[in-house]
Amino acid sequence: MLLGTVLVLLLGGAAPASAHAALRTTDPDDGSVVQRAPRHLTLTFTESVGLLDDSFRVFGPDQRRVHTGEAQHADGRSDTARVGLPGKLARGTYTVAWRVVSADSHPVSGAFTFSVGKRSATTAQVDTGPDEDPLTGGLYDAARYLAYLAAALLVGTVAFALLCRPADTSPLRRPLVAAWWTLLGSTVVLLMLRAPYETGAGPATAFDLSALERTLTGRPGLALLARLAVLLLTAAFLLRLSRHRDRQEPVLRVVGAALAVALALTWAAAEHASAGIQVPLAMTSSVLHLVATGVWLGGLVALLLTLRRASVDALTEVVPRFSRIAFTSVTVLAVTGLYQSWRGLGSLSALTGTSYGRLLLAKLVAVTALLLAAGYSRRWTARLAAPAAAPRTAVPERVRQPVGVGAQAQPEEPGEPAAEAAEPEEREEGQEPEAVEKPEGPSEPAPESGDADTRRRGLRRSVLVEVAVAAVVLLITTLLTTTLPGRAQAEAAQRSPAGSLPPTTLATVPFDTGGSSGPLSGRGTVQVTLDPARVGENGVQAVVYGADKGLIVVPEVRITFTLPSRKVGPIDAGLTDVGGYWSTNSVNLPLAGTWTMRTTVRVSDVDQVTVEKQVRIVP
């Protein structure tokens, strides 16, 4: 019933999508020139997205912000975002900065441009804002890491108590309580910081009630609420477990496993596994991976604490049990980790060519070190368990004296330290006494306490190394969950411009007509902007600077384009003086390749110069 409730709460409406939303199309198109001002802006993404109060910021040709309506989904589709525009828009280029929250809980942002009537002389370079406020991001990531640590300790300690069955569980009580409270506190912090994390604002906005209300209606907020509910049920379970002496009861194990799975679901349902290909399989793999991580790494801490307090005899039973459980957990981690790596990377080249792949390699190195430390621990485990596996040779409490055949031994009194053997009443002549069971030398006893303590200290040191490396593994895992997967990065690269300004070519062309000194000496530069530097219609703007780097007015600027490899051109750009600079919006460059741009600057009736520059036109 518990698992069903969590699944319905977190997975309702989930559908296959690409982890991290990628911008698919825009209306108007990115970099386009429209004759009539649009009434709406519509963005379509590769997966469902959540909208924020400030999802759109539109800036006009004068770089001032344009008033827009409220962002909403177009036609009820969750993978779209639409915002209304004013009835009248001035001619020129507009820059649209957008920010939404993808289905896997990560905010994504970007910008694109479109022009009304004609392109402006310069494209407004708008700062879309940081992906996150540094302080908010730091606090949010710290809370996520603490949540991972606490969850692993909580799951692992309970599993250790139920499955390894140590005789004394008192060393585990404090870490259990600390893990529960840490997970509760970090979850509350994540819930409060969710709104500023999505909007890129400072931590102070966490107390905005309207922002908190929006958080509680989104998938990440619902996942965090579900985690709080599971923690309350876990508290009741821990109270029951502390009062129940028989920890072998199957009901306790079943309930504990259900709570662990429910807890893992609150992560899987709001992160990478909830979006992308094969969502059901990915969700299952993620839950198994998280639970196995907790059982192994959290169990290591529980074992470390037990090694300090438990007797050697108790350890010879507990340690081998945990060794078998750890082996099973590592097997599950290997299988699920391999699948998740394939799903996240998409290709082998992404292993070294993306941040996600490089982090995955770092995690692989850390896990390898962890496995080496675990192998060393298994050796100490075998040594510590050896006395329990081999029959013990008891130290004789007394040495039996020769006893004659037929003689009757006197019974020992209970508690008598060493009873004397009965003296033989008579011995036949020449008869040898019975063999004495007294050993020739000192008998080989079971390991003395000093030897056992040495083995315990060795195992404790190796487990301590495992715990330290495990903390590093969890840190890398936290970074992985906030990094764009390689597969999603490849998908985004194949889309039409996803979250970036259109490509432009900015060329600086120096000229010298050989005139006298001064601002109008005939020396200077022409700054030429070719936008978007693609096949088809392009806009060209040329600004002329004098020798003193100041703007100057010249009688004529002419630009032509030639593609020598295909014998195309020259194509005259047809620049016109629009007041301080020269511009056109209708240069049709029909083929991709390296074009020769010839810029002619005339500074007087008789002084002019022509300079060539290579420019690249992409498909």
Side-chain angles (χ1 to χ4, degrees), residues 142-164 166 171-172 174-180 182-183 186 227 234 256-257 259-261 263-268 271 285-308 318-319 321-338 340-341 359-360 362-378 380-381 459-481:
R144 284 168 58 87
Y145 181 56
L146 286 177
Y148 273 116
L149 283 177
L153 182 58
L154 185 62
V155 171
T157 305
V158 172
F160 186 86
L162 290 174
L163 300 178
C164 297
L172 307 181
R174 286 188 176 180
L176 264 180
V177 173
W180 189 89
T182 301
L183 185 53
S186 60
R227 189 179 302 169
T234 303
L259 288 171
V261 171
L263 198 60
L265 271 173
T266 65
W267 270 277
E271 295 186 350
S285 174
S286 180
V287 168
L288 291 176
H289 196 84
L290 289 169
V291 172
T293 299
V295 171
W296 181 25
L297 303 187
L300 284 174
V301 178
L303 176 63
L304 185 64
L305 295 173
T306 303
L307 286 171
R308 298 180 59 185
V318 172
V319 173
R321 289 172 187 162
F322 178 75
S323 181
R324 291 189 293 269
I325 295 170
F327 179 80
T328 303
S329 299
V330 170
T331 303
V332 173
L333 287 173
V335 174
T336 56
L338 183 63
Q340 292 182 28
S341 299
L359 276 174
L360 198 60
K363 182 178 179 180
L364 181 61
V365 171
V367 170
T368 301
L370 186 58
L371 290 175
L372 291 175
Y376 191 67
S377 296
R378 286 180 66 87
W380 283 108
T381 299
L459 178 59
R460 191 168 62 193
R461 284 193 295 267
S462 62
V463 171
L464 184 60
V465 173
E466 287 187 73
V467 170
V469 179
V472 176
V473 171
L474 286 178
L475 176 60
I476 299 175
T477 301
T478 304
L479 296 176
L480 274 173
T481 60

Colleague: How many angstroms lie between atom OG1 of Thr182 and atom CG of Leu146, to the nearest 0.5 angstrom?
Modeller: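 The OG1 atom of Thr182 sits 7.0 Å away from the CG atom of Leu146.
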
Colleague: Just how far is it from atom CG of Leu297 to atom CG of Leu333, taken to the nearest 0.5 Å?
Modeller: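 Between atom CG of Leu297 and atom CG of Leu333 there are 7.5 Å.
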
Colleague: So how far is it from Cys164 SG to Arg324 CZ, rounded to the nearest 0.5 Å?
Modeller: 8.5 Å

Colleague: Please name the pair of heavy atoms, one in Ala264 and one in Leu290, separated by the smallest distance, quoted to 0.1 Å.
Modeller: O-CD1, 3.6 Å

Colleague: Working to the nearest 0.5 Å, report the span between CG of Leu305 and CZ of Phe160.
Modeller: 9.0 Å

Colleague: Checking side-chain contact (heavy atoms from CB on, under 4.5 Å) between Pro166 and each of Val318, Leu303, Val319, which is the one that passes?
Modeller: Val318

Colleague: Do you know the tightest heavy-atom contact between Leu153 and Pro175?
Modeller: CD2-O, 3.8 Å

Colleague: Is there a side-chain contact between Leu172 and Thr306, using heavy atoms and a 4.5 Å cut-off?
Modeller: yes

Colleague: Can you find a heavy atom in the side chain of Arg227 that is under 4.5 Å from one in the side chain of Leu263?
Modeller: yes

Colleague: What heavy-atom pair brings Phe322 and Val295 nearest, and what distance separates the two atoms?
Modeller: CE1-O, 4.0 Å

Colleague: Might you point out which heavy atoms bring Ala179 and Leu154 nearest each other, and give the distance in Å?
Modeller: CB-N, 3.9 Å

Colleague: What distance separates Leu163 CG from Ile325 CD1, expressed to the nearest 0.5 Å?
Modeller: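 Rounded to the nearest 0.5 Å, the CG-CD1 separation comes to 4.5 Å.
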
Colleague: Which heavy atom of Leu183 sits nearest to which heavy atom of Ala147, and what is that distance?
Modeller: CD1-O, 3.6 Å

Colleague: Are Arg144 and Trp267 in a cation-pi contact, defined as NZ or CZ under 6.0 Å from the six-membered ring centre and within 45° of the axis?
Modeller: no

